[in-house]
Structures are given as structure tokens and as C-alpha cells.
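In what follows, a single structure is set out as C-alpha cells and then discussed.
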Amino acid sequence: MSSQSGVPLLRVKKVSHAYTATAPALAPVTFSVADGEFVCIVGTSGSGKSTLLRIIGGLLRPNTGEVWLNGELITEPPREIGFVFQKTNLMPWRTALENVLLPMELLGPVGPQQHREALALLDLVGLADFAHVYPAQLSGGMAQRLVLARALVRRPRLLLLDEPFGALDALTRERLNLELLRLQTAQRQTVVMVTHSINEAVFLADRVLVLGEQPGRILAHVPVRLPRPRSLAVMGSQGFGGIATEIRRHIGLVEEEGY
Ligand code: ADP
Ligand code: MG
């Protein structure tokens with residue numbers, strides 16, 4: 001499945017949405033994501049980040065505008081998109097391994113090869129030792145990692161992540177960020193990720209979209225020209241600090257004439 005040449009993998013064209021007539025959640029928003037690109041979306045709470053992601057994933061119809069994935073108009077959730085929400089939606093009566101196997105079962109017969117793939121995905125997210133554990137026995141962070149593994153089963157062209165690591169402790173979060181980077185490098189995984197952590201966005205992304213609120217709209221596209229592969233050490237670099245400050249300025253967290 002190669003991208004049609006010259007066509008970005010994802011095109012969001014003048015997409016807007018209002019849940020109620022008086023309060024538009026999302027103003028017309030337009031942007032593209034290239035094949036293999038990692039884009040992070042940051043913005044204050046209520047700026048329409050989740051709304052935008054649900055529209056891209058085909059879970060919510062926009063009031064206006066269109067979303068195109070690899071040249072095809074999205075009208076329902078496409079198989080090529082993997083989604084990780086803020087809240088986990090695991091099957092409580094299935095073990096971790098069985099939860100990862102579920103999307104495979106929907107695709108066809110499940111044998112030793114599928115079991116190996118599922119175990120490899122559990123290993124990827126650090127849950128190799130928890131394959132036979134039920135979701136209720138997992139911490140919130142582990143459950144979220146399980147959801148990530150399950151989202152990767154179909155090798156999605158586009159992975160949509162909505163604050164997936166928000167509930168995790170800082171060290172687990174850093175580890176998962178490194179794994180996400182490894183995934184992106186190894187598979188050239190295209191990712192659009194919503195996060196409320198500016199540092200996380202700069203660490204992971206090729207480009208950061210800054211959303212403003214009432215109604216949600218793009219305030220800035222900030223390119224992250226930090227070399228890859230990246231290690232945690234990049235966070236201490238001057239370039240990193242400069243980009244993070246630029247994003248804070250767009251959001252309004254830094255005074256223009258602060259010093
Ligand atoms: P974010 O993810 O950036 O916090 P959301 O996309 O969840 O923002 O919400 C954008 C705006 O739309 C907010 O004002 C929110 O209150 C409103 N909103 C979100 N979901 C619904 C819904 N199901 N019904 C009504 N209003 C909603
Ligand atoms: Mg949200």
C-alpha cells in the first residue's frame with residue numbers, strides 16, 4: 001500500500017464542527033500529513049483536539065469539510081486507521097493476549113503465527129509478562145499500553161493517539177515515548193497524536209500543530225527540525241528549548257516581552 005505519489009497520506013480540508021448551534025467546537029481547519037510523518041497536536045483543554053481526531057478517524061461526521069486518507073474520502077472508520085483513545089475500551093473477560101488477538105480474529109483464522117505477532121506487540125509495549133492477565137489486574141498505564149498494542153495489530157497506515165499516556169507516571173511515559181519513536185523509525189509509522197505535554201510533542205514530532213480555542217482552530221504549525229534518531233538527551237539541547245518556548249508563546253503561556 002504505497003501512498004499515491006504527490007498526494008499526502010492525510011488531508012484535512014476546511015473541517016469544522018459544532019455540537020450545539022451556539023457553540024462551535026472547531027472552526028474550519030485545514031492541514032496535511034505526509035506518509036511517515038509524526039504530527040503532534042497541542043492546545044488548551046476544550047480547543048477541539050479530540051473532536052478533530054474523532055473526525056479524522058471517521059467516528060464523527062464534520063459539519064463542513066472533508067478528510068481524505070491516501071486519496072480516499074473518509075465516510076466511516078477506515079481499517080487503515082488505528083485509534084487509541086483517552087479511555088481504554090478493553091474486553092474485561094479477555095486476557096491481555098486475547099484482547100490483542102481480537103482484531104486478528106475479525107480478519108481471519110488465528111494460529112501460531114498470529115499468537116507470535118500478538119506476543120511481539122505485547123513485548124513492544126512492555127507487557128510480555130502480562131499476556132495472560134485480565135484488564136482488571138492491570139494498572140491504568142498498562143491498560144493503555146495494551147490498547148496501543150491492539151491498535152498496531154492491523155499495521156495501520158495512520159495511528160491516531162488521543163492523550164494516550166496522560167495517566168502514566170513520568171518514567172513509564174518516557175519509556176513509551178522512546179518505544180513510539182522506535183516504532184516510527186522502524187516502520188515509518190505515520191502518527192497524529194494529541195498531547196497536553198509540550199515537551200512530549202517536541203520530543204516526538206516532526207511538526208507540532210498548535211490549536212487555539214473557541215472555536216478550535218490552528219494557531220501555528222511549528223516544524224521540529226531536531227535530528228533523528230532522538231534520545232532523551234535531546235531534551236536538554238538549546239534547539240529543543242527554543243521550539244518548546246515558541247509553542248508556549250503561540251498558546252499564550254509566555255509573555256511576548258518577558259525579558
Ligand atoms: P479537547 O480535546 O481539546 O479538550 P474537545 O474536542 O473534547 O476538546 O471539545 C471541544 C469543545 O466541544 C469543548 O467546548 C467541549 O465542551 C465541546 N464538546 C466536546 N464533546 C462534546 C459533546 N459530545 N457534546 C457537546 N459538546 C462537546
Ligand atoms: Mg480531548
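Counting starts at 1 for both ligands and their atoms, in listed order.
Distance check on atom 2 (O) of ligand 1: some protein heavy atom falls below the 4.0 Å cut-off. Contact annotation for atom 15 (C) of ligand 1: protein absent (non-hydrogen atoms, distance under 4.0 Å).
For atom 25 (C) of ligand 1, the closest non-hydrogen atom of the protein is Tyr19 CB, 3.3 Å. Atom 8 (O) of ligand 1 has Gly48 N, 3.2 Å as its closest protein atom, hydrogens excluded (heavy atom only). For atom 7 (O) of ligand 1, the closest heavy atom belonging to the protein is Ser50 CB, 3.8 Å.
Under a 4.0 Å N-O distance rule, the pair Arg150/Glu98 does not qualify as a salt bridge. The pair Arg228-Asp206 meets the salt-bridge criterion, with a side-chain N (NZ, NE, NH1 or NH2) lying under 4.0 Å from an Asp/Glu carboxylate O. We find that Arg157 and Asp35 are joined by a salt bridge, their nearest charged nitrogen and carboxylate oxygen being less than 4.0 Å apart.
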Handout entry: Derivation of the side chain to side chain contact (heavy atoms under 4.5 Å, CB included) call for Leu158 and Glu80
Key = CA-CA 6 Å; Leu158 175 63; Glu80 297 102 324; over 6 Å; no

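Looking only at distances, a side-chain donor or acceptor of Arg217 sits under 3.5 Å from a matching main-chain atom of Glu213. A donor-acceptor distance shorter than 3.5 angstrom exists from the side chain of Gln189 to the backbone of Pro156, with no hydrogens or angles considered.
The Mg ion (ligand 2) has an N, O or S atom of Ser50 closer than 2.8 Å.
Leu26 approaches Thr51 most closely through the heavy-atom pair CD2-CG2, 4.4 Å.
Of the options Val194, Asp162, Thr51, the smallest heavy-atom separation from atom 6 (O) of ligand 1 is shown by Thr51.
In this structure, Ser45 is part of the shell of residues with a heavy atom less than 4.0 angstrom from ligand 1. Within the structure, the closest approach of Gly216 to ligand 1 does not fall below 4.0 Å when heavy atoms are considered.
Between Gly46 and ligand 1, an N or O atom pair is found at a separation short of 3.5 Å.
In Arg61, the CZ atom is not crowded: 12 or fewer heavy atoms of neighbouring residues, nucleotides or ligands sit closer than 6.0 Å.
If you number the atoms of ligand 1 from 1 as listed, the ones under 4.0 Å from a heavy atom of Ala25 come out as 11 (C), 12 (O).
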